[in-house]
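What follows is a single structure, written as structure tokens, with notes after it.
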Amino acid sequence: MATSTVGCMNAMGVRVSVEQVLALAPDDASRRAGSALGTAGPWSGTGRGGGAVWGLCKGSGGVSYRTVVDTTGPAYLCACPSRKFPCKHALGLLLLQASDAAAIEEATAPDWAARWLTDRREHAGSTGSAGGTASAALGAEGGAAAGPADPEAARRRAERRAARITSGAQELEQRLTDLLRGGLAAAEQAGYGPWEETAARMVDAQAPGLAGRVRELGAIPGSGPGWPVRLLEECALTHLLDRAWLGADRLPAPFAATVRTRVGLTAPVDGVPLRDHWLVLAQYDAADARLTTRRIWLHGTASGRTALLLSFGAAGRAPRLALPVGAVLDGELTPHTGSGQLRAEPGERFVPVAGPAAPPPGGPVGAALDAYGRALREDPWLDSWPVTLSGVLPARAEYGWQLADADGREALPLTPAAQSRPGLWRLVALSGGAPVTVFGECGHRGFTPLAAWSPETPGETVPLV
Amino acid sequence: METDTTPQPQPQPLPPTDVGIDIGTGTGTDTAPGFGAAPAPDGGVALAGDVPEDSVWEELVTSALLGTDRRTPARFAGRTTRDAPGALLDAAALHTVRRRAGLRAGPAAPPPEPAPEDPREPLPEAARRRLDQLLAGRAAPSPAGRRGAAPDLTELLPQWLLLANERGYKAPAATLPALLDAARARTDLRPQTLRLAGPRGLWLARLNPEWRFALRGAGAGSSLPAPGDREGVRLLWDEGLFAERVALLGAVRAADPTAGRALLASTWSTERAEDRLMFVDSLRTGLSDADEEFLEAALGDRSRNVRATAAELLSALPASALAGRMAGRAVTCVGLDRTADEPTITVEAPHECDTAMQRDGLTATPPAGRGERSWWLGQLVEAAPLSCWPPRFGGRGPEEIVALPVADDWQNELHAAWCRAAVRQRDAAWSRALLGSPATPPATGPGTSSLAERAQLLSTLPPEERALWVAAFVAAHGLSEAFQLLGVCEVPWAEPLGRAVVDALDIAREAGSYPWSFSGVMGLAERCLAPEAARQLESLTARPDETEDISPGAGGYWAEAFQRLVSTLRLRAAMRAELTEPSPAPGTPASP
């Protein structure tokens with residue numbers, strides 16, 4: 001069997017936790033269905049080896065489905081008709097393995113599993129189209145065709161698109177000028193309609209970044225006390241982006257790349273690939289009617305770098321890329337170009353390794369705000385910046401929860417959204433009134449805690465989202 | 001216009017549509033609550049150096065809100081109206097980025113009190129993962145309808161909690177919110193959940209009103225003074241809430257029964273009747289002959305319920321004076337007629353219920369539809385110590401006495417009273433006699449035909465004997481009447497009982513029943529069968545070939561039900577093994 005040549009990889013020594021597997025589920029229904037299948041009952045012919053797990057799952061109608069998971073991807077193959085990804089059978093298989101070490105024994109992969117694994121891994125070497133990890137870059141443009149093409153035609157296409165964006169940016173500028181001339185107060189009366197229309201114009205102009213900003217602007221009027229200030233701030237930053245795009249040829253190259261990304265062009269992934277052992281700090285989804293955006297934060301344990309992976313799913317579908325929080329993965333990341341950018345693309349192979357999953361080094365809350373401030377120099381449109389706070393404890397102030405330095409002097413408020421999440425209580429419970437280490441996003445709205453570590457169990461990453 | 005409190009020049013009236021808009025510049029910089037004050041502007045920034053930052057921003061916001069056509073900021077006065085919006089946006093962008101870059105941390109609020117130390121061992125790694133799985137299963141209950149072949153995780157959570165508490169583990173801190181949520185939704189989980197959650201769980205519950213339930217009842221238990229702390233005990237006894245006092249009495253009594261009674265006696269006369277009833281009833285736990293004096297005094301209580309409860313407790317002490325009085329009365333009513341062909345029990349029910357009998361707890365007025373005399377007899381025999389009967393019947397043992405014929409249709413009345421007495425006095429020999437042989441059909445046996453009463457009698461037998469009796473019952477009569485009896489058997493079921501249940505299920509399957517007719521027993525079996533029984537069940541999980549069956553499809557459903565049974569048993573075995581795992585040596589790093 002071709003795949004058994006890699007059978008001794010250290011991935012086999014690592015068990016992913018039940019919680020980590022459940023985090024891979026695309027939605028609650030799958031989590032539920034997968035949990036139900038995470039026991040030996042419905043399974044037969046299970047085995048593991050060569051970085052994969054496989055088995056036959058008895059379905060309700062007497063049909064058995066062949067399920068195989070490549071844990072180095074992770075990537076999934078199942079004969080069931082489900083369009084969920086991973087499907088409940090793949091989740092169940094992983095749960096079975098996670099919850100009971102003895103349930104699945106080392107074996108040689110049967111033909112049907114080995115064929116897929118071999119295919120997948122051969123592909124992985126050549127193109128970027130196989131498996132579960134490659135689609136991340138494509139989502140923003142709705143899946144533009146990949147692969148080599150006529151470079152001259154590509155250049156002409158890019159020029160045409162840039163020209164469209166330019167006219168879109170000019171139109172948006174005009175819209176903002178009109179708005180300011182007539183007054184923001186009038187914007188509340190006009191309602192959401194004009195904004196939606198402008199957003200549609202930006203989509204036509206192939207500038208999804210601008211379209212997204214316009215939709216957010218439309219949601220601000222009447223959104224609670226202080227909305228005119230927020231609207232002016234966001235209008236001003238949109239204006240700044242328009243001006244930056246229109247004058248991009250006079251900007252330093254890295255900053256111009258950031259502007260292009262913010263407008264909605266996919267940045268070229270031409271940085272120097274960085275191989276490291278990456279600790280998965282957090283994974284969470286944000287969905288609107290059109291798109292589910294999954295954000296995954298990684299910390300390079302050797303390089304100290306923080307990286308952001310994005311993965312997209314069309315409306316209602318879960319993004320393909322899913323990594324278990326707290327795992328340490330050996331693999332390569334290729335950073336996107338642009339100043340102040342943390343986004344990176346994962347290489348094909350991400351192999352779990354055993355190892356200390358110590359939290360990233362952190363600092364006091366003041367340093368976190370300084371880091372955000374410095375990051376704004378590179379990218380003034382940043383809403384937040386990933387930071388690790390060490391020796392902080394959650395405390396309740398008059399306005400809500402905050403994270404305070406252990407010396408009891410300075411504190412950072414949690415964002416209003418983070419105040420009402422269940423993760424807040426996990427954080428409070430973990431702390432028990434004593435200092436903890438917290439990773440999260442620090443920005444002008446406050447701090448969003450995403451993961452935490454207690455000094456008693458520093459090797460255990462507790463997800464907070 | 002309600003803008004802010006800062007005096008602002010208001011050069012022109014607002015258009016009527018603007019009335020009521022809060023432009024939100026009250027804080028000057030629109031800093032979210034919790035941040036510190038913005039740093040003083042440094043002169044190097046291209047804003048008018050002599051104007052304070054805040055007032056520049058307020059001027060920008062006011063212009064933006066009203067529109068540059070109506071109100072051009074004074075600082076752009078030199079520009080044409082055409083340029084004003086762009087200039088305003090430029091300035092606002094600069095201000096915004098500058099403000100964000102200069103955000104400062106705010107003052108720290110006083111931190112919460114640290115959670116009390118929990119000296120218990122942390123859960124082994126595998127058990128922690130299992131807990132996560134069980135809690136996730138609870139959060140996502142299986143969809144309504146047919147249960148598949150997968151185990152019902154929710155039903156295993158109570159067992160897991162019990163085991164973990166027996167082993168003395170503490171809950172991982174990060175699972176406390178999920179545990180408290182589980183306990184909030186299911187009251188039956190609360191005692192074990194709160195025990196596992198421990199002091200940190202209570203600490204957490206105090207911070208979130210949704211978990212306030214945790215602070216009631218069980219919460220009081222943690223704040224009880226040590227039974228030896230005389231002053232603390234006294235203070236809580238004199239001033240505590242009722243629930244706290246009941247818990248305190250229980251704790252003191254467990255450590256030192258004499259001190260417990262003394263505590264109760266010290267305030268007895270001033271307690272309210274309902275409270276006296278609860279306190280007397282709480283003596284049921286750890287009842288001993290030393291309690292007799294107190295209970296005997298309580299027979300003179302003003303409250304009828306207190307008297308009745310005291311009498312009931314005394315009659316459970318066969319050596320008590322009350323038991324002696326009852327024995328004296330009972331043996332005059334029930335005797336042996338030696339003159340008949342075979343020895344026969346004769347019954348002469350009491351003719352009156354005098355005040356002495358009433359003081360000893362007898363209720364004079366029978367419920368509607370019952371004769372007075374048989375009602376009094378029943379109470380007398382129930383309260384009389386069973387040890388008074390062998391001497392009365394010529395040295396016969398319980399089995400022989402139960403086998404004696406009873407004259408004049410008194411048998412049901414007499415046997416029923418003996419059943420109640422056997423349960424009350426926890427007398428295994430009499431229970432055994434009254435249960436008779438498990439093979440006898442319930443309707444024709446001695447004692448009682450009520451399954452509930454039989455279950456009570458069974459509960460007085462030693463666990464192994466109980467399991468054997470129920471096993472023989474199941475073998476003889478099948479499962480349809482066994483549910484209540486199975487409920488009093490010790491978990492996990494002893495091997496003969498488990499085998500009898502599995503055999504009976506197999507017989508039911510072959511007889512063409514559908515498995516849901518046995519869903520009660522199936523569910524019980526999933527929770528109670530010993531995990532080792534999985535091997536016996538293995539062969540039953542195969543889907544049989546569909547033959548021309550009287551119950552179409554039943555075979556498939558049975559296979560599924562047995563699969564679920566087997567996988568649940570496997571899961572329970574794994575759960576148990578995980579919780580008995582030796583804890584890792586200190587310093588061993590946790591695996592990811």
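Side chains included, hydrogens not; waters and symmetry mates left out as well; all remaining heavy atoms used. Every chain is numbered from 1 and lettered A, B, ... according to where its sequence line falls, protein lines coming before strand lines.
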Heavy-atom check, side chain of [X] versus side chain of [Y], under 4.5 Å:
X: H444(A); Y: L103(B); result: yes
X: L184(A); Y: P221(A); result: no
X: E188(A); Y: W227(A); result: yes
X: L180(B); Y: E210(B); result: no
X: P435(A); Y: V392(A); result: no

Where does [X] contact chain A at under 4.5 Å (heavy atoms): side chain, backbone, both or neither?
X: V97(B); value: both
X: L207(B); value: both
X: P110(B); value: backbone
X: R100(B); value: both

Need one label for [X]: side chain, backbone, both or neither, based on atoms under 4.5 Å from any heavy atom in chain B.
X: P394(A); value: backbone
X: S454(A); value: neither
X: R396(A); value: both
X: V462(A); value: side chain
X: D383(A); value: side chain
X: E398(A); value: neither
X: W401(A); value: side chain

Pair [X] + [Y], salt bridge at N-O below 4.0 Å:
X: R128(B); Y: E460(A); value: yes
X: K170(B); Y: D118(B); value: no
X: E560(B); Y: K58(A); value: no

Using a 4.5 angstrom heavy-atom cutoff, name the option from [options] with the most pairs to chain A.
options: E113(B), R200(B), R570(B); answer: R200(B)
options: A101(B), S63(B), G201(B), G106(B); answer: G106(B)
options: T568(B), L88(B), N208(B), V566(B); answer: N208(B)
options: L571(B), L176(B), L204(B), L89(B); answer: L89(B)

Who wins among [options] for the most heavy-atom pairs under 4.5 Å with chain B?
options: A429(A), G443(A), G446(A); answer: A429(A)
options: L37(A), L393(A), L376(A); answer: L376(A)
options: G182(A), A395(A), G92(A); answer: G182(A)
options: A434(A), A406(A), G432(A); answer: G432(A)
options: E456(A), Q402(A), R374(A); answer: Q402(A)

Legend entry - Separation between CG of L232(A) and CG of L65(B), rounded to the nearest 0.5 Å: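 One finds 9.5 Å between CG of L232(A) and CG of L65(B).
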Inset, instruction - Give, for atom CZ of R421(A) and atom CG of L424(A), the distance between the pair rounded to the nearest 0.5 Å. - result: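 One gets 10.0 Å once the value is rounded to the nearest 0.5 Å.
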Inset, instruction - Say whether, by atom type as modelled, one donor and one acceptor occur between the side chain of Y372(A) and the main chain of A367(A) under 3.5 angstrom. - result: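 Absent.
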Inset, instruction - Report the C-alpha separation of R230(A) and S223(A) in whole Å, then their side-chain angles, then the decisive distance to 0.1 Å, and conclude whether the side-chain hydrogen bond (donor to acceptor under 3.5 Å, both in side chains) test is met. - result: CA-CA 9 Å; R230(A) 288 198 295 279; S223(A) 64; 3.0 Å; yes
